[in-house]
Each structure stands twice: as C-alpha cells, then as structure tokens.
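Here the structure is laid out as structure tokens; the discussion comes afterwards.
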Number of protein chains: 4
Amino acid sequence: MTVSREVELDGHIIDSGTMGTAFSIVMDMGGSFTVEAFDIGRRKDEASYARLLVEADDEATLQSIVHELHQHGANPADPTDATLERAPADRVVPHGFYSTTNHPTFVRYDGEWLEVERMEMDCAIVVSEGEHGPRAYTRVLNAVEAGDRIVTGDTGIRVEPPERPRDTGGTFGFMEGGVSAERPSESTIRQIATAMRETKAEGGDILAVCGPALIHSGAREDLARLVREGYVDALSAGNGFAVHDIERDLYGTSLGVDTETLDHARHGHKHHIYAISEVIREGGIEAAVESGTIESGVMYECVVNDRPYVLAGSIRDDGPLPDTITDAVEAQAAIREQAHGADMVLMLSTLLHSVAVGNCLQSTTPVVCVDISPATVTQLLDRGSAQAVGMVTDIGTFVPLLAEELVGE
Amino acid sequence: MTVSREVELDGHIIDSGTMGTAFSIVMDMGGSFTVEAFDIGRRKDEASYARLLVEADDEATLQSIVHELHQHGANPADPTDATLERAPADRVVPHGFYSTTNHPTFVRYDGEWLEVERMEMDCAIVVSEGEHGPRAYTRVLNAVEAGDRIVTGDTGIRVEPPERPRDTGGTFGFMEGGVSAERPSESTIRQIATAMRETKAEGGDILAVCGPALIHSGAREDLARLVREGYVDALSAGNGFAVHDIERDLYGTSLGVDTETLDHARHGHKHHIYAISEVIREGGIEAAVESGTIESGVMYECVVNDRPYVLAGSIRDDGPLPDTITDAVEAQAAIREQAHGADMVLMLSTLLHSVAVGNCLQSTTPVVCVDISPATVTQLLDRGSAQAVGMVTDIGTFVPLLAEELVGE
Amino acid sequence: MTVSREVELDGHIIDSGTMGTAFSIVMDMGGSFTVEAFDIGRRKDEASYARLLVEADDEATLQSIVHELHQHGANPADPTDATLERAPADRVVPHGFYSTTNHPTFVRYDGEWLEVERMEMDCAIVVSEGEHGPRAYTRVLNAVEAGDRIVTGDTGIRVEPPERPRDTGGTFGFMEGGVSAERPSESTIRQIATAMRETKAEGGDILAVCGPALIHSGAREDLARLVREGYVDALSAGNGFAVHDIERDLYGTSLGVDTETLDHARHGHKHHIYAISEVIREGGIEAAVESGTIESGVMYECVVNDRPYVLAGSIRDDGPLPDTITDAVEAQAAIREQAHGADMVLMLSTLLHSVAVGNCLQSTTPVVCVDISPATVTQLLDRGSAQAVGMVTDIGTFVPLLAEELVGE
Amino acid sequence: MTVSREVELDGHIIDSGTMGTAFSIVMDMGGSFTVEAFDIGRRKDEASYARLLVEADDEATLQSIVHELHQHGANPADPTDATLERAPADRVVPHGFYSTTNHPTFVRYDGEWLEVERMEMDCAIVVSEGEHGPRAYTRVLNAVEAGDRIVTGDTGIRVEPPERPRDTGGTFGFMEGGVSAERPSESTIRQIATAMRETKAEGGDILAVCGPALIHSGAREDLARLVREGYVDALSAGNGFAVHDIERDLYGTSLGVDTETLDHARHGHKHHIYAISEVIREGGIEAAVESGTIESGVMYECVVNDRPYVLAGSIRDDGPLPDTITDAVEAQAAIREQAHGADMVLMLSTLLHSVAVGNCLQSTTPVVCVDISPATVTQLLDRGSAQAVGMVTDIGTFVPLLAEELVGE
C-alpha cells in the first residue's frame with residue numbers, strides 16, 4: 001500500500017535551499033516524490049513555486065515526512081483546519097502534539113490562518129477563544145494546563161522559515177559561512193556598532209546577555225557606559241555577574257584581582273562573599289544603590305537609568321543576591337519575557353545564559369554572539385537564526401572597542 | 001610603627017612547597033620575616049619545623065598576611081581562642097568573618113581545638129554548644145541565621161592542607177603536573193579502575209557527576225552497568241541527563257539520534273518533550289519505573305538498585321521532570337549532602353554540575369575528572385584537591401573501557 | 001551595456017544544492033539570471049537539467065561569475081576549447097591562469113574533453129602532447145616550467161563536484177551535518193572499521209597520516225598491529241612521530257614518559273636525542289631495523305612489512321633522522337605521490353601533516369579525521385571532500401578500539 | 001650497597017621553590033637525602049644555603065638523581081672538571097652526553113668555570129680551545145661533528161635557573177599563576193607596551209614571530225606601523241604570512257576576504273597563487289619592493305626599514321616565495337640566530353613558528369605570547385622561561401590596541 005500527500009513550496013526556494021532540503025528530507029526518510037508542478041522564478045527577484053506529491057509505504061512514515069517538511073517550510077497543498085486536542089493534565093501534552101520550530105508559524109482555525117504569538121521552539125501551540133476572537137500562542141511544557149486546546153498532527157500548520165539575505169549587503173549578511181577566529185576583528189566590530197545604531201534609530205530594544213568574564217577582563221566600565229548611553233535596554237545575567245560587578249565597586253577587585261593594577265588581592269573570594277552579604281543587608285541591589293552603598297558599575301547604571309534586568313540563579317552561585325531568581329522555572333519565565341521583547345540580542349561571554357535566552361527567540365531576531373571559545377560561538381549560532389553574527393574574540397578588548405565606536409573615547 | 005606576629009609551620013614543609021609559599025606570601029603582600037627557628041627534617045621521612053616572625057608596617061597589612069598564611073597552613077605560634085561574633089541578620093556575616101578554605105580546619109574554643117565539620121570552601125564557621133559539647137561547622141552564606149556565633153579574624157584557627165603524595169606510587173600520584181590530552185589513555189583508565197575498586201573494598205561511596213554527553217556519545221548502557229554492579233553509589237546530574245536517558249529507553253533516540261544505527265530520527269526534539277510529558281503523567285521517575293514505563297538505563301538502574309540521585313534544574317531545561325529540584329538553593333543543599341558523603345567523585349563530561357559538586361568537597365576527597373575539553377579539566381582540577389586525576393578524553397570511549405576494566409565485557 | 005553567457009547544470013542539482021548555490025553565486029556577485037530551461041527530475045532517481053542565462057554589467061564581472069559557477073559545477077552551455085598560454089618563466093603562471101578545485105575536472109582540447117590527471121586544488125592545468133595523444137594534468141606553482149601550456153580563463157573547462165550520497169546508507173553517509181564531540185563513539189568506530197574492510201576488499205590502499213600524540217597516548221602497539229595486519233598500506237608523518245616511536249622501542253619511554261607505568265622518566269628528552277643519534281649511527285631506520293637495533297613499533301612494522309613511509313621535516317624537529325625529508329618542496333612532492341595513490345585516508349591527530357596530505361587529495365577520496373580538538377577536525381573536513389568522517393575523540397582510546405574491531409584482542 | 005654524593009643549593013632557594021623541588025626529585029627517583037648543612041636566609045633579602053647528601057642504592061640511580069638535580073640548580077658540592085668525550089661521527093653524540101636545559105650554564109674546564117655560549121635546551125655542549133682560550137658552547141645534534149669534544153656525565157656542570165621575581169612589581173611579574181582568558185585585557189596590553197618601551201630604551205632588540213591570522217584578522221596595518229616606528233627589529237614567520245601580507249597589497253584581499261569591507265572575493269585562493277607568482281617573476285620580495293610592485297604592508301616595512309626577516313618553509317605552503325628557506329635544518333639555523341640576538345620576543349598567533357623560536361631561547365629572555373587558543377598559550381609558556389607573559393586574546397584587536405598604546409592613533 002502506498003499513501004501520499006501533496007505539499008507546496010513557494011518563495012525563493014532554490015537559492016534559500018528550501019527545495020533541496022525538501023527533496024533530501026523525503027529521500028532520507030524513505031519516501032519518494034513526484035514534482036507535479038514547478039514554476040521557477042526566472043529572475044532573481046521572482047519567487048518560485050513547486051508542488052510535490054510525496055509518497056510513502058505507510059501512513060506513519062508519510063506523517064513523519066510531512067511533519068519534517070513542515071518544519072522546513074513545505075506546507076500541505078490543500079490545508080484543512082489544524083487538529084486540536086485537550087491537554088489531559090497540567091504539564092502533559094496530548095499524544096501527537098505539534099512541537100514548534102522557532103520560525104514564524106500560522107495555524108488554520110475555522111478556515112482562517114492565525115499567526116502564532118510568542119513564537120519560540122520546542123513548545124506546544126494552544127488555540128483559545130479570546131475577547132477579540134480566536135488566538136494561537138506557544139506554551140512551554142511546564143505552562144500547559146489541563147484542558148488547553150493543543151494543536152496535534154501536521155495539518156493546518158504553516159511554517160515560514162526566514163529566507164537568507166539575498167545579497168552581500170545588509171549588516172547581518174557578513175557572517176554567513178561559519179565562525180572563524182581569523183576574521184577581520186575591527187571591521188566586524190564597526191558593523192556590529194552600525195547594526196546597534198540602526199536598531200536604536202528604529203526604536204528597537206537591545207538585550208545584553210552577560211557573563212562574569214566581562215568583569216574579570218576589565219570591560220565593566222565600558223559596558224556601564226553602553227548602558228548609560230542607551231545602547232543596552234535590558235540585561236540578562238546570572239548571580240555571579242552582578243556580584244562581580246558589585247564587588248568591583250565595593251572593593252576594587254573582581255574575584256580578588258584588581259582589574260586596574262592586576263595585583264592579586266589575597267582576600268579574593270572573601271570580597272565576593274562580603275559583597276553579597278552587604279547587598280543582603282541593604283535588602284537588594286536597588287536599595288543598595290539608593291543608600292549610596294553601590295556607586296558605579298553595570299548594575300548601578302541599570303538601576304539609575306531604569307533598565308530592567310533578570311538575574312537567574314544556578315547551582316554554582318555563592319549567596320545568592322536577594323535579586324536573583326533562584327527557581328529555574330520562574331527564571332526561565334522572566335528570561336522569556338526579555339527575549340520576546342528584544343529587537344536585537346548581544347550574547348557576551350556566557351554559554352549558559354545565552355542558551356537560555358536563545359531558546360526563547362524567534363528565528364527573525366538578530367543575534368550577535370561574542371566569545372573567545374569557537375565552540376561556544378558555533379553552538380549559539382547553530383540554532384536557526386536567520387540574522388546571526390558570531391565573533392570569536394576577547395570580550396576584554398571587544399567591549400572597549402565597541403564602546404569607543406558607539407560613544408567615543 | 002612596625003607590628004609583628006609569630007607563625008609556625010610543620011610537616012613536610014619543604015617538598016610540599018608550604019614553606020616557599022609562606023615566604024612568597026609575606027613578600028608579595030609587603031611584609032618581611034625573620035626565621036626564628038628552623039629544624040629541618042634531615043631525611044625524607046622526617047618532618048620539618050619552622051617559626052617565622054612576620055612583620056608589617058601596619059596592623060591591617062599584618063592581618064592580611066597572617067590570614068593568607070593561614071589559608072596555606074602557617075598557623076600562629078601562640079594561639080588564643082578564636083573570636084566569635086553574632087551574625088547581625090539572616091544571611092549576613094559579621095565584618096571580618098573568616099572565609100574557609102577546603103582544607104581540614106580546626107578552631108580553638110575554650111582552649112580546645114575543635115575540628116570543623118562539613119568542611120568546604122568559601123563558608124563561614126559557626127560554633128555552637130550542642131548536647132555533647134561545643135561543635136564547629138561550616139555554613140554557606142544563605143544558611144547563616146541571625147545570632148549564629150561566627151568565627152571572625154584569624155586567631156585560633158588552624159588549617160592543615162593535605163601534603164602531596166610522597167612518592168610516585170599511590171593511585172592518585174599519577175596525575176601531578178598538569179592536564180594533557182597526550183597521556184597514555186588506556187593505562188590511565190586502568191589506574192582509575194584500580195582506585196575505584198580500592199574505594200569500594202574499603203566500604204567507600206563513589207559519586208558520579210554526569211552530563212548529557214554521556215548519553216549522546218553512546219556510553220549509557222555501560223554507565224548503567226556500573227550502577228548495577230555497584231561501582232556508582234550516588235548520581236548527581238541535571239534534568240537534561242535524566243531526560244536523555246529516559247528518551248533513549250522510550251524512543252531509542254538521544255536528542256533524536258539513534259545511538260546504535262546513528263540514524264537521525266527526524267522527530268528528534270519532540271521525543272525529548274514527550275519523554276518529559278510521559279514521566280509527568282506517571283508522577284515521576286520512580287513511579288514510571290514501577291509502572292513499567294521505563295525499563296532500562298541509568299535512571300532505571302538507580303531506582304531499581306536504590307542508588308540516590310539528585311537532579312538539579314537549570315534555566316536551559318526543557319520540562320522539567322517532576323524529580324528535578326528547580327530551586328538553585330535547594331538543589332545546592334542536596335548536592336552538598338551528596339558531596340559530603342562521597343569518598344571518591346567521578347566528574348563525567350559536565351562543567352556546571354562538577355563545579356557545583358566540587359565547591360562542596362573537602363580537599364582530601366579523591367576526584368577523577370574526565371572531559372574532552374582541556375579547559376574544563378583544568379578548571380575542575382584547579383581547586384586545591386590533593387588527590388585529583390584529570391583526563392582529556394572522549395566520554396563515549398572512556399566509560400565503555402572503564403566498564404570493561406571493572407566488570408568485563 | 002550588458003554581457004551574458006549561458007551555463008548548464010545537470011544531475012541531482014536540487015537536493016545536492018548545486019542549483020541553489022548557482023543562484024546564490026550570481027546574486028552575490030552582482031549579476032542576474034534567467035532560467036531558460038528547466039527539466040526537473042520528477043522522481044528521486046531522475047536527474048534534473050537547467051540552463052541559465054547569466055547577465056552582468058561588464059565582461060570582468062561576468063567572467064568572475066562564470067568562473068565561480070564553474071568551480072561549483074555549472075558549465076558553459078556551448079563550450080569551446082580551453083585557452084592555453086605559455087608559462088613565461090619557471091614557477092610563473094600566465095595572467096588569468098585557471099586555478100583548480102579538488103573536484104574531477106575536464107578540459108576541452110581540439111574538441112575533445114580530456115580528464116585532468118592528478119587532480120588537486122590550487123594548481124595550474126598543463127596540456128601537453130604525449131605519445132598516446134594529448135594529456136591534461138595539474139602542476140603546482142613550483143613545478144611549472146617556462147613554456148608549459150597552461151589553461152587560462154574559464155572556457156572549455158568542466159568541473160564535476162561529487163554529489164552527496166542520496167540516502168542515509170553507505171558508510172560515509174553518517175557524518176554529514178557537522179562535527180560534534182557528542183556523537184556515539186563506539187558505533188562510529190565500528191562504521192570506520194567497516195569502511196576500511198571494504199576498501200581493502202576492493203584492493204584499495206589506506207594511507208595513515210600520524211601525529212606524535214599517537215605514541216604519547218599509548219596507541220603505538222595497536223597502530224603497529226594495524227600495519228602488520230595490512231590495514232595501513234602507507235604512512236605519512238613527521239620526524240617527531242618516528243623518533244617517539246623509536247624512542248619507545250629503545251628506552252621504553254615516549255618523551256620521557258613510560259607509557260605503561262606512566263612513570264615519568266626523569267631523563268625524558270635525552271632519550272629523544274639518543275634515539276635520533278642511534279639511528280644516525282646506524283645510517284637510517286631501515287638499517288637500524290636490519291641490524292636489530294629497532295625491534296618493535298610502527299616504523300619497525302613498516303620496514304618489515306614493506307609499507308612505504310614519508311617522514312617530512314619541520315622547523316620544530318630535533319635531529320632530524322636521516323630518513324626525514326628536510327626540504328619542504330621535496331617533502332610535498334613525496335606526500336603528493338602518497339595522496340594520489342591512496343583510496344582512503346586516515347588523519348590521526350596531526351593538523352600539519354593532515355593539511356599537507358589533504359591539499360593533494362581529490363574530493364572523491366574518502367577521508368577519516370580523528371582528533372581531540374573540534375577545531376582541528378572542522379578545519380580538516382572543511383575542504384570539500386564528498387566522503388569525509390570526522391570524529392572528535394581521544395586517539396589513545398580510538399586506535400585500540402579500532403584495532404580490536406578490525407583484528408580482535 | 002649505598003652510594004652517595006653531596007650537592008649544594010644557594011640563593012633564594014626556599015621561595016623560588018628550588019629546595020622543595022630538590023627534595024621531591026630525590027624522593028620521586030627512589031633516593032634519600034640528609035641535610036648536612038642549612039643556613040636559612042633569615043630576612044627576605046638574604047640568600048639561603050643548603051648542602052644535601054644524596055644517597056641511592058646503585059650508581060645508575062644516583063647518577064640519574066644528580067643529573068636531574070643539576071637541571072634544577074642543585075650542583076655537586078665538590079666539583080671536578082667536566083668529562084669530555086669525542087663525538088664518534090658527525091651528528092652522533094657520545095653515550096652519556098649531557099643534554100642542556102635552557103638555563104644559564106657553566107662548565108668546569110681546567111679548574112675554571114666557562115659560561116656556556118649560545119645557551120639553549122636539548123643540545124650538546126662542546127668545549128674547544130680558541131684563540132683567546134677555551135670556550136664552551138651548545139651544538140644541536142645535527143651540527144655535531146666527528147671529533148667534537150662533548151661534555152658527558154654530570155660532573156663539572158653548574159646550572160643557574162633564574163629566580164622568580166621577588167615582588168609583584170616588574171613588568172613581567174604580572175603573569176605568574178597560569179593562563180586565563182578572563183584577565184583584564186586592556187591593562188595587560190598597557191603593561192606589554194611598557195615592557196617593549198623599556199626594552200627599546202635599553203637598546204634591546206624585539207623579535208616578532210608572526211602567524212597568518214595577523215593578516216586575516218585585519219591587524220596588518222598596525223603591525224606594519226610597529227615595524228616602521230621601530231618596535232619590531234626582526235621578524236620570524238612562515239611563507240604563508242608573507243604571501244598573505246603581499247596578497248593584501250596587490251589585490252586588497254587576504255585569502256580572498258577583503259579585510260576592510262569583509263566582502264568575500266570569489267577568486268580568493270587565486271590571488272594567493274598570483275601573489276607568489278608575481279614575486280617569483282620579480283625575483284624576490286626585496287626586488288618587488290624596489291620595483292614598486294609591493295607598496296605597503298609588513299614585509300614592505302621590513303625591507304624599507306632594513307629589518308631582517310626569516311621566512312621558514314613548511315609542507316603546507318603554496319609556492320613558496322623565493323625568499324622562503326625550504327630546508328628545515330637551514331631554516332632552524334636562521335631562526336636560531338634570530339633567537340640568540342633577541343632581547344624580547346613577541347609570539348603572535350602562530351604555534352609552529354613560536355615553538356621553533358622558543359626552542360632556541362635561553363630561559364632569561366622575556367617572552368610575550370598572544371593567541372586566541374588557551375592551549376597554544378599554555379604550551380608556549382610551559383617551557384621554563386622566567387619572564388613570560390601569556391595572553392589569551394584576539395590578535396585582531398590586540399595588535400591595534402598595542403599599536404595605539406605605543407605609537408598613538
């Protein structure tokens with residue numbers, strides 16, 4: 001027995017690789033296809049259209065293939081409404097639930113296509129009737145509630161992977177083709193600065209995800225300037241980042257190293273614990289800024305300039321600070337809000353927090369990822385973002401050069 | 001004005017480097033010293049003794065120097081009782097609190113030396129009167145309670161850093177001198193196996209700290225054998241490790257890769273979410289084992305053979321599983337109990353969890369650290385453990401070879 | 001003014017990505033195209049055909065585009081003979097010379113297509129009249145002689161990039177999609193062993209490119225077994241590899257470490273120099289084997305079993321051995337012969353020698369690359385080989401497991 | 001039977017660790033010791049003195065121990081003249097030859113201590129009678145000639161390892177304690193600049209060892225400024241470095257990437273070959289500068305400002321250029337001259353050439369090593385230099401910041 005279904009592709013499906021990918025998927029997964037219609041864009045500004053008849057030996061295989069084609073932008077030719085099924089219990093998905101990609105997605109409901117809100121990957125899609133009509137939105141597993149109407153199967157869903165930039169121009173065109181430590185560093189920094197300026201000019205928000213290496217490597221003052229001058233609208237970090245930043249303010253050291261003279265203060269780690277203890281005594285970072293205990297630094301500038309921050313806890317933390325969200329699920333929820341509100345994201349020397357933020361981003365959000373480890377940069381870029389710049393460089397020279405570019409000496 | 005204090009060193013203070021370190025500390029920190037007495041061990045089995053008069057220009061500098069000397073095993077010659085001060089509030093330490101090392105430590109109280117219990121680094125020491133007399137024990141900052149009597153200053157404290165092994169023999173002698181990928185791999189694995197056998201023969205407990213790479217790289221079955229055969233007494237991991245292990249049992253894949261055939265199941269990440277959803281439906285891992293849903297793997301062997309495990313949450317997690325401790329402070333407390341009960345620790349391909357466990361270990365606990373990244377191995381070994389073996393190798397070949405060595409083919 | 005040229009593509013041009021690449025090249029380089037004909041393979045076993053009219057504003061741009069299209073398998077629709085120009089001097093190419101890819105290539109000469117012999121990248125193509133008619137072959141720059149007839153421009157050249165394997169089967173299908181340390185290690189080793197057995201069964205030759213880490217990490221005896229048992233037909237290495245191997249035989253150490261007991265022989269480097277000195281005294285490796293001075297190891301097995309080896313010198317070398325080719329150009333020539341004769345290449349823990357060998361390989365030669373550094377594996381695989389397997393693992397466990405798989409315990 | 005020998009140590013043998021090391025060596029190697037005399041420096045500016053009687057079970061073990069003690073600065077108490085033996089053939093050392101360290105070394109000859117000239121490690125020491133009396137100097141194995149009088153055994157040799165700086169001050173004090181990517185980058189660069197200025201002020205010569213990443217990453221113009229302004233007196237590099245530098249001048253690309261606009265010139269590698277071909281046509285780099293073919297860049301500044309350079313060949317090279325020394329032994333000899341003449345060495349993003357240079361340096365020569373890979377920096381620093389600074393950073397931001405520091409914008 002052979003079963004079959006028709007799928008359609010349109011857009012710049014040749015040069016974006018969509019069509020090649022679709023062919024590969026069918027063959028890799030044991031199916032076969034016939035090209036029933038193919039209308040090629042004859043010029044570079046014309047879109048193409050293809051309709052494939054996909055065949056497989058059994059329904060299960062066919063479903064797998066069609067599901068996979070979906071994820072890559074090949075949608076059923078003759079769509080019906082999406083199938084909805086109730087979640088049987090809190091945090092339990094119905095069998096066959098549709099697991100999202102991070103691409104813009106639409107769900108067919110009562111014959112209409114609803115754009116799925118708060119798009120991010122590895123979620124369920126819930127459809128509900130709201131005041132202003134039906135809505136579709138993502139829910140992570142732990143937010144699923146018993147009775148939620150959840151999309152299952154593959155029908156009635158349309159995925160639109162962003163197409164790659166069509167020419168070399170455009171700020172984010174410059175990084176395609178892999179991560180390498182041997183790229184022209186100063187020129188790349190200039191282009192990142194340009195992208196940040198453009199984002200701000202368009203009223204966008206820039207989220208900085210920051211690791212403690214920023215402080216150790218002496219980039220603290222320059223990052224603080226970027227916050228003060230309005231180039232960082234929100235901050236996502238861990239407890240350690242904030243403690244190092246505050247330790248520097250209170251004791252002039254970062255994990256015991258004086259970042260100016262490079263002298264190793266022998267009381268290193270003690271300062272770290274003291275800094276936490278002092279903030280606890282004051283009741284939190286904001287209170288410590290208001291009381292005059294904390295007088296400079298990244299956290300200081302965030303408080304003074306009203307830039308929201310999320311500090312997420314980890315099992316490695318000392319303390320933690322009162323401001324740190326120690327529950328991972330709560331912290332994820334806070335990070336999710338930040339990610340959904342960001343128009344550009346800088347991932348600066350932290351793998352853990354960058355992955356957490358990246359997990360919540362739609363594939364259309366521009367991302368800049370800077371780390372001295374090529375493996376970290378590769379891992380962060382390898383998540384399907386259409387506009388991603390990776391730079392293997394030293395955060396301790398990157399941030400000063402970026403600040404100089406953006407706000408001068 | 002010059003202030004001074006006498007400090008003493010004894011033991012194998014020349015070849016362990018203790019004496020050289022003490023000299024360097026005084027000079028680096030701006031003090032000076034006179035060697036008032038020196039009795040050198042004339043043979044290799046004789047200990048040495050030295051008494052130094054340390055001088056500095058002011059009391060603050062002197063205190064800093066003496067504090068630092070403490071941390072490295074040079075103790076005041078004429079000890080008085082330790083100074084105790086009440087914690088002013090929950091999670092706030094008194095000024096000048098003594099921040100611990102991870103070495104065995106003693107506190108002088110009423111003329112007696114109390115050994116500090118539950119020794120680990122970066123903690124405060126609390127002295128309390130118990131039923132059976134006074135006790136001293138460590139407390140992390142977040143466990144400090146208002147009114148705790150906390151050791152401050154440097155007097156009345158004795159630190160005893162472990163001496164390095166005195167000859168090339170001994171299982172853990174073989175790793176001194178740095179981490180390198182170019183060490184004889186099979187021979188090293190044999191020596192680790194010997195150390196594990198000895199630990200078990202002496203009734204000790206082995207704690208395995210495990211990262212998800214163990215599952216991806218195909219080492220799952222061999223790790224499960226080690227649990228079953230009694231070479232792993234407790235497990236410390238993250239939510240991801242357990243989910244990958246269970247996904248393999250339920251769907252035959254690990255993040256979508258079939259670890260036998262290497263075929264890439266196209267539904268990859270969906271299996272991951274399903275696995276979590278199924279366990280939630282059952283009410284937890286133990287329930288899922290009992291109901292027969294989970295039938296093999298590392299978590300299965302832990303449940304069936306009654307090996308306790310701690311799964312700590314992180315902001316990267318999917319789900320999480322009901323068994324995962326999502327609060328970082330609670331998770332740390334659980335990890336702390338594991339660490340204090342371990343007689344040997346295997347750190348297998350996870351930086352985050354290994355750091356969390358390592359933070360809670362006394363310097364005398366033997367540690368084996370295996371990772372494919374030299375930087376990870378170096379970072380984990382660089383914490384003052386006296387008995388640490390690092391191995392830069394592939395966890396996917398290490399665990400099978402270790403299992404073969406310990407329990408045969 | 002607009003200039004244009006027709007190019008053709010055929011084969012599995014959709015799923016191999018060739019057509020997408022062609023579209024992208026034209027657009028990236030500032031040209032435009034019209035699809036004049038397109039005959040799509042309607043089923044997975046049917047090839048496709050496309051003819052594009054490529055346009056650009058000037059001849060220089062058009063030539064650049066057409067040249068680039070060539071490199072990726074899009075050939076002029078209406079070919080004329082290739083243009084030949086005389087090399088003006090030794091080691092000097094005529095302006096506009098055609099620089100080769102590593103793909104199978106054909107040159108049109110007197111209306112006939114000649115397959116280019118000794119295909120490798122970054123060379124010039126020389127056409128000469130031989131006894132049996134005209135021949136085309138590659139020449140590296142330093143082998144070009146005054147008067148050589150060298151292909152210039154882009155006309156009359158056809159490049160045929162190998163198509164990617166069409167299904168998941170096939171030994172070398174398993175590595176597509178990047179290099180990761182978290183792949184199932186034992187399963188991958190089994191598949192490499194299978195590929196080696198098949199190569200031998202078909203009468204092919206396996207070239208092993210070896211770095212000194214092989215010896216340090218204790219894999220020497222297992223590699224020697226593979227040579228003895230006929231799984232390594234030729235060896236490419238540096239002076240250091242051979243010296244370490246011989247040092248192990250003469251003194252039981254490798255750079256001073258006893259690879260069995262892991263004891264650090266304190267005379268380490270002296271043994272290294274002695275080993276070289278002894279071989280010089282004997283007159284070379286072969287003589288030292290014959291005189292009974294060298295009695296075991298990789299070099300010993302090569303001599304006894306008549307497997308040719310090339311030892312290339314480097315500025316880091318001690319000695320060197322009399323067998324080492326110290327001149328880089330001569331050494332390259334010897335490596336080139338090895339590479340052209342190999343039907344499968346194992347690159348084992350050496351970047352320098354692997355790059356040198358890889359530079360001389362046609363893209364159709366299967367390559368296995370094993371290194372503990374992900375960056376090394378990525379760099380080596382990133383050279384357009386159609387059949388390449390990368391494995392990030394420890395050479396000290398890889399070779400023993402491979403030997404066990406191939407020749408048993 | 002027990003055999004014994006007396007050895008002496010003097011200087012700051014406690015805090016430099018020399019004495020601890022000596023104790024460890026004896027015990028590790030199976031001997032025992034008695035401290036016959038010990039005169040401790042009672043204050044930080046006083047040296048100490050110790051005399052040990054070292055015992056072992058047999059003469060071979062004792063010799064091994066004494067040899068090893070030598071290498072670390074413990075010298076026989078009652079020295080006799082060094083033993084000299086004739087080299088039996090060219091490039092063959094007598095049995096028991098003394099293999100050098102890289103520390104300042106003295107040889108006792110006719111009752112006088114001769115300082116060994118051209119000190120470097122892993123060499124033989126030759127003593128010859130010259131015009132102005134006897135001389136001792138190192139010879140690498142391949143320079144040993146039949147009949148050379150070569151030092152054997154351990155008697156009559158004194159090694160003086162440099163002591164570590166005694167306080168935190170001093171430019172090169174700041175790097176002790178390992179390599180980390182998380183050090184304050186801008187402050188470190190300022191301190192390197194200061195050290196360079198001091199070296200020049202004292203009339204010293206700075207040797208820059210350069211890898212091609214310098215050019216790719218856009219640091220070429222800033223390095224050229226440093227050459228022009230007199231901060232680089234000599235250059236050591238490979239063929240690739242020079243070709244990339246010249247390609248940039250001739251075609252505006254580096255391996256095909258325009259380092260200003262970041263556009264990827266599609267003819268990438270062809271430019272590389274052309275650049276070589278053009279230089280060959282001119283007859284060499286100097287000729288190409290003189291003819292006006294090469295008009296800018298690092299090599300240009302070297303020629304115009306008369307800074308000598310050594311370009312060493314490798315089996316990876318294209319071309320090579322006529323200036324490249326293709327024979328590894330000849331290239332080593334040229335590098336050796338450079339190394340011996342250098343008062344400070346910058347190792348910039350090249351492992352191969354840095355190792356080659358480092359092999360020829362005495363341990364007293366200050367070294368700065370900059371690379372983005374921590375493993376490379378660690379490997380280069382781990383060679384016993386007493387004055388070494390390692391920095392894990394991006395060469396593409398390091399060189400511009402260094403140039404700004406030294407010669408302004």
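Within every chain, numbering begins at 1; the chains are lettered A, B, ... in the order of the sequence lines, protein sequences first and strands thereafter.
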Query raised in the report: C:Glu186 versus B:Asp394: any side-chain heavy-atom pair under 4.5 Å?
Result: no
Query - Atom pair CG (C:Leu401) and CD (B:Glu404), whose distance is rounded to the nearest 0.5 Å - result: 8.0 Å
Got a list of side-chain donor-acceptor pairs under 3.5 Å for residues 364-376 of chain C, not counting sequence neighbours?
from     : atom 1 : to       : atom 2 : distance (Å)
C:Thr364 : OG1    : C:Gln362 : NE2    : 3.1
C:Thr365 : OG1    : C:Gln362 : O      : 3.4
C:Asp371 : OD1    : C:Ser373 : N      : 2.9
C:Ser373 : OG     : C:Ala375 : N      : 3.3
C:Ser373 : OG     : C:Thr376 : N      : 3.2
C:Ser373 : OG     : C:Thr376 : OG1    : 3.3

**Report entry** Under 4.5 Å from any heavy atom of chain C - which part of B:Ile189
**Finding:** side chain
**Report entry** Residues that C:Tyr309 engages under side-chain contact (heavy atoms from CB on, under 4.5 Å), provided they are two or more places apart
**Finding:** C:Leu235, C:Ile285, C:Met299, C:Cys302, C:Val303, C:Leu311, C:Asp323
Requested in this report: Provide the closest heavy-atom pair for C:Gly396 versus B:Ser185 in the form atom of the first, atom of the second, distance.
Outcome: CA-OG, 3.4 Å
